[in-house]
Structure formats: C-alpha cells, structure tokens
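Hydrogens, waters and symmetry mates are skipped; everything else that's a heavy atom, side chains included, is used.
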Amino acid sequence: MPKPEKQLAYENARERFGLRGGSDAHATTRSPSLLHNVRHIRGTAYSGPNKGAEVLPSLKTKLISLLSAAVFMCLGADCALAVNAESGIASATSARPNAQAKPATLAQEEVEHGPTQKPVEIARAFGFPITNSMAVSWVVAVGLILFAQVATWHMKPVPEGAQNFWEWLVEGLYTFLEDIIGSHLVQRTFWFFATVFIFILAANWEGLIPGVGTIGWGHQRSHGFRIDQPLFRGANADVNLTLAMALVFFACWLIWALREDGLVGFLKELFAPKGETDGLMKVVMVVVFFASGCLEIISILFRPVSLSFRLYGNVFAGENMLEAMSTLVPRLSWLLPVPFYFLELLVGVVQALVFMLLTAVFTLLICRHEEETAVAHA
C-alpha cells in the first residue's frame, strides 16, 4: 500500500537531518536547531482545521485548573494562618486571665481583712433593720440609764458606792466645763456635753469587751476561723452613730446660738466687723469680715462631718489594729493584743474628751459676748 504524501515528506525530512531511527530527545543532543526544524515540519505536516481547535481548549482548561488550584491553595494557606493566629491569640488571651485569676484568687485568700466598715443586719423588727452596732448602742444606753437610776435611787447625805462614783463623775465634768465655757453656758448645755462624754466613753470601752466582734457568723480559712458577720460590734465604729451625734449637736448649737444672741446677733457674730474703726478702714473691715463670715459658714457646715469622721476613724482604726495583732502570730493571738487593749482604753477616754471639748468650744465661740470677753480679760 503506498504511503501518503505527508508521511513521505516527513520521512524525507528526517533523512535529510539524520534523524532516521532516532527520537526527538536524541536529536536535541546532536543539534539544538534540529528540534526547531522538526517541530516546524510537524506543524506544517499535521496542521489542519481541527487539531489546533482541540489542543487550545485542553491547554486553557489545564492552565485554568492549575491557576485555580494555586489560588485555592494560597487562600487555604492564608485562611489556615489566620485561623491559627486567631486561635493562638484567643488561647493566649484565655490563658492570660487564667494565669492572672489564679494568683488573684490565691492573693484574695491570703489577704487578711479587718473588720468591715459596713454594719451587719442581725434582726428586723416591724420592717425596721437592727444592726450589730445599733444593738451595742442600745445596750450602752440602757446600761447607763439603769446605773444612773440605781446610783440615785436612795440619795444619802454622805454618798457611798455607786452614788459616790456618779456624783464624782458629774461634779468633775461640771467643774471642768465651767472653767472652759463659763457658768452661764454650762448651766444650759451641761446636760448635752456630759451625756455625750459618758456615752462615747462607755461605748468605746464596751467595744473592747471580749466577744464584741468575735462572736457571730463566719467561715474557715487557711489561718483559722474568720468572723464575717459579728453579732456585736463597737457602736462608734459605725459612722451612722457618730454622724447622728454630730447632727444632734449641730441642731443644739443652732438653738443655743439663737437663744443667746437672737437672729440679728447671730448674723452680727458671723458677718459684723469687730472693733472700732473709722473712715476707709471701716469699709475695708466690713468687706473683710463679710468674707470671713462666708468662710465661717462653710466651716460650720463641715463641723458635723469632721466630728463624726474623727471619732469613727479612731475607733475603727483601733478595731483594725486589734484584729491585726490577734492574727499576726496565731500561736500568740492571746498575748499580742493585750498591750494594745490598754492603749485603746486610753484612746477611748481621749476621743470622748476631744468630742466633748470641740463641741463645747464651738458653742462658746458663737455664744460669747464682747462684754463677757472684756470682763474675763480684766
């Protein structure tokens, strides 16, 4: 069977370039231009209307598939990195609070807390809450009233026992206040100052009785049992009581000032210039004393705050100190607080005396007249 013309032309070309019985790969080793010539002849020999149309779509399909796979792989890698990064950040952030929470929890367990500043409600009567500090204040008040009644139940010309102690206390306070504010004011105000001093002193000392602050509800901790809600608490360690006493004094102070000076005299004591001046100096003094009176009003309004927080701060600090000494060395909790108990006995007297003296001096400053001052200096 005769060979086709195209095949004969192909074989003649191979013979011309010495490719008989060889291959394209072998031809490339012999001459670099041979492969180009062979491909050129192949293209011309096998060129047809359908071959190019069949090769290009398959090539485009492979290229598109390859590019799509490459893009997909790149996107997949980016997404995987993003997920790993986010999970790493999330794990780091989730691990960080845990790492911080554990020491915080341990630190919270190890921190030694003193008495709470807020009073604890221990009962409720007719919807009215009763706190542990309120109960102690009632006990102190009832105890003082009963003691006064017992001491003065059968008065004797020669006092003895409770009567002797009560008369000594009242007479000593009266004489002490009379030397400070005068006989006129002490006759009108002694009932308040003496009551405040005795009540504050008794409340401070009753807060040192064993059981106050140490009997109640609590929980077990690493260093022993801790009382969280004491059944009794020092009355003056509650700022509500100290503020109430300061506000009562403020009301009494205003009544005493208006009774002694009248409304006009009360305003003159605050704003009117003192002394004798003439001319321009008198105008200057009017302006100066008016500004001084405005500052005095601010000082008067802040007196209840200073009185209440001074007493409350000292008593509450004493409770914290005793608590710290009793938990500092567990084996010596019965011995270390003893010296500080004696110190708190002295602090109780000092704080009661300071409260009484400050209220007495404030009363003297507003109720003192210039005539009385001149007689006292004479």
Side-chain angles (χ1 to χ4, degrees), residues 137 140-208 235-236 241-242 244-261 269 300 303-304 306-308 310-311 314-315 342-378:
S137 65
V140 173
V142 172
L144 290 176
I145 293 172
L146 292 178
F147 180 78
Q149 293 294 327
V150 171
T152 59
W153 186 258
H154 296 288
M155 299 292 291
K156 299 179 180 180
V158 179
E160 58 183 10
Q163 179 186 349
N164 187 22
F165 173 78
W166 192 252
E167 288 186 2
W168 168 80
L169 179 61
V170 172
E171 185 179 358
L173 288 174
Y174 190 91
T175 305
F176 180 73
L177 289 172
E178 187 179 13
D179 294 337
I180 296 175
I181 62 177
S183 58
H184 177 71
L185 279 179
V186 76
Q187 292 177 3
R188 295 192 173 188
T189 61
F190 175 74
W191 61 271
F192 175 80
F193 297 136
T195 302
V196 163
F197 175 81
I198 296 173
F199 177 79
I200 293 176
L201 178 61
N204 290 341
W205 282 357
E206 187 167 354
L208 300 176
N236 291 324
L241 178 61
T242 58
M245 290 189 295
L247 291 177
V248 170
F249 162 72
F250 182 77
C252 293
W253 176 88
L254 189 60
I255 294 173
W256 294 332
L258 293 176
R259 180 182 297 178
E260 292 293 325
D261 303 329
E269 286 289 332
I300 291 171
R303 283 174 185 174
S306 63
L307 286 172
S308 60
R310 180 184 290 106
L311 178 59
N314 284 276
V315 175
F342 290 101
L343 179 61
E344 286 302 310
L345 289 175
L346 179 61
V347 170
V349 179
V350 171
Q351 291 305 315
L353 189 62
V354 167
F355 194 96
M356 183 189 68
L357 285 177
L358 287 176
T359 54
V361 171
F362 291 153
T363 305
L364 176 65
L365 292 176
I366 196 64
C367 297
R368 181 178 56 183
H369 302 287
E370 294 184 1
E371 295 80 4
E372 295 179 359
T373 306
V375 171
H377 285 293

Tell me, please, which residues at least two apart from R303 pass salt bridge (Lys or Arg N to Asp or Glu O under 4.0 Å).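 R303 satisfies salt bridge (Lys or Arg N to Asp or Glu O under 4.0 Å) with E296 only.
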I'd like a table of donor-acceptor pairs (distance under 3.5 Å, sequence neighbours excluded) in which one partner is a side-chain atom from residues 145-161, with atom names and distances.
unit_1, atom_1, unit_2, atom_2, d
T152, OG1, A148, O, 2.7
K156, NZ, E160, OE2, 2.7

Once ring pair (Phe, Tyr, Trp, His ring centres under 6.0 Å) is applied, do any residues pair with [X], and if so which ones, sequence neighbours excluded?
X: F362; answer: none
X: W256; answer: F192, F193
X: F355; answer: none

Tell me, please, which residues at least two apart from [X] pass side chain to side chain contact (heavy atoms under 4.5 Å, CB included).
X: S183; result: E178
X: L345; result: W205, L208, F342
X: S308; result: T242, L243, A246
X: L144; result: V140, I198, F199, A202

Got a second to check how far [X]'s [atom1] is from [Y]'s [atom2], nearest 0.5 Å?
X: L364; Y: L357; atom1: CG; atom2: CG; value: 11.5 Å
X: L358; Y: L307; atom1: CG; atom2: CG; value: 6.0 Å
X: C367; Y: L258; atom1: SG; atom2: CG; value: 9.0 Å
X: F249; Y: T363; atom1: CZ; atom2: OG1; value: 4.0 Å
X: N236; Y: N314; atom1: CG; atom2: CG; value: 10.5 Å
X: E167; Y: L169; atom1: CD; atom2: CG; value: 11.0 Å

E206: partners by side-chain hydrogen bond (donor to acceptor under 3.5 Å, both in side chains), with sequence neighbours left out: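 By the side-chain hydrogen bond (donor to acceptor under 3.5 Å, both in side chains) rule, E206 matches no residue at all.
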Taking side-chain hydrogen bond (donor to acceptor under 3.5 Å, both in side chains) as the definition, give me every residue that meets it alongside Q187, ordered by chain and number, with sequence neighbours left out.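 Once residues adjacent in sequence are excluded, Q187 has no partner under the side-chain hydrogen bond (donor to acceptor under 3.5 Å, both in side chains) criterion.
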Aromatic plane relationship, W253 with F250 - under 30° parallel, 30 to 60° tilted, over 60° perpendicular: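 Answer is parallel, since the angle falls under 30°.
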Heavy atoms only: give me the nearest [X]-[Y] pair and the separation to one decimal.
X: F190; Y: V170; result: CZ-O, 3.6 Å
X: L247; Y: P304; result: CD2-CB, 4.0 Å
X: N204; Y: A352; result: ND2-N, 4.5 Å

Any salt bridge (Lys or Arg N to Asp or Glu O under 4.0 Å) involving residues 182-197? Give me the pairs, sequence neighbours left out, ordered by first then second residue.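 Counting only pairs at least two positions apart or across chains, the salt bridge (Lys or Arg N to Asp or Glu O under 4.0 Å) contacts touching residues 182-197 are R188-E260.
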Which is it for T189 and I181 under the side-chain contact (heavy atoms from CB on, under 4.5 Å) test, yes or no, and what are the steps along the way? CA-CA 10 Å; T189 61; I181 62 177; 3.5 Å; yes
